[in-house]
Amino acid sequence: MGISEADFWKSTPRKIIALIDQKNEIEKIKAKNQAIYIACYVWGNDPDKYEDNGGPVAGRDIPINEGALKGLMM
């Protein structure tokens, strides 16, 4: 999580929970970025429609259409 073991044991539980929450938020952002990358570069969608959208991303926030997944199987 970016801190040494000694600092970890000196930290308060509130700080550790905040670090864990921050890491989870970063992982969520990475998953959204991956979903947008797949939507844009694999399926040919326009990347500009995802700029400043803030809306749900398929594969992360809403389920993916099963018909769209058939194209991934080769």
Side-chain angles (χ1 to χ4, degrees):
M1 289 189 300
I3 61 174
S4 67
E5 186 177 352
D7 289 338
F8 174 81
W9 290 112
K10 292 179 194 174
S11 299
T12 62
R14 181 177 288 180
K15 183 176 179 182
I16 299 302
I17 290 171
L19 286 172
I20 292 170
D21 290 342
Q22 187 178 24
K23 182 183 182 313
N24 289 339
E25 186 64 28
I26 290 169
E27 291 298 321
K28 182 178 177 183
I29 291 169
K30 285 182 180 179
K32 280 190 175 191
N33 287 341
Q34 183 67 28
I36 290 172
Y37 171 80
I38 291 170
C40 294
Y41 296 106
V42 175
W43 295 108
N45 293 343
D46 182 20
D48 292 333
K49 79 176 191 177
Y50 296 106
E51 290 272 334
D52 298 325
N53 186 3
V57 174
R60 173 64 188 163
D61 299 321
I62 56 175
I64 296 176
N65 181 359
E66 289 182 18
L69 291 176
K70 289 180 184 175
L72 289 175
M73 304 299 177
M74 294 185 180

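Considering Lys32, Lys28, Glu27 as possible partners of Lys30, the one that fulfils the side chain to side chain contact (heavy atoms under 4.5 Å, CB included) test is Glu27.
Judged as a ring pair (Phe, Tyr, Trp, His ring centres under 6.0 Å), the pairs with a partner in residues 15-38 (not counting sequence neighbours) are, in order, Tyr37-Tyr41.
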Query - From CA spacing to verdict: side chain to side chain contact (heavy atoms under 4.5 Å, CB included), Lys23, Leu19 - result: CA-CA 6 Å; Lys23 182 183 182 313; Leu19 286 172; over 6 Å; no
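For Asn33, there are no side chain to side chain donor-acceptor pair (under 3.5 Å) partners two or more places apart in sequence or in a different chain. A search for side-chain contact (heavy atoms from CB on, under 4.5 Å) contacts involving Ile17 returns Asp21, not counting sequence neighbours.
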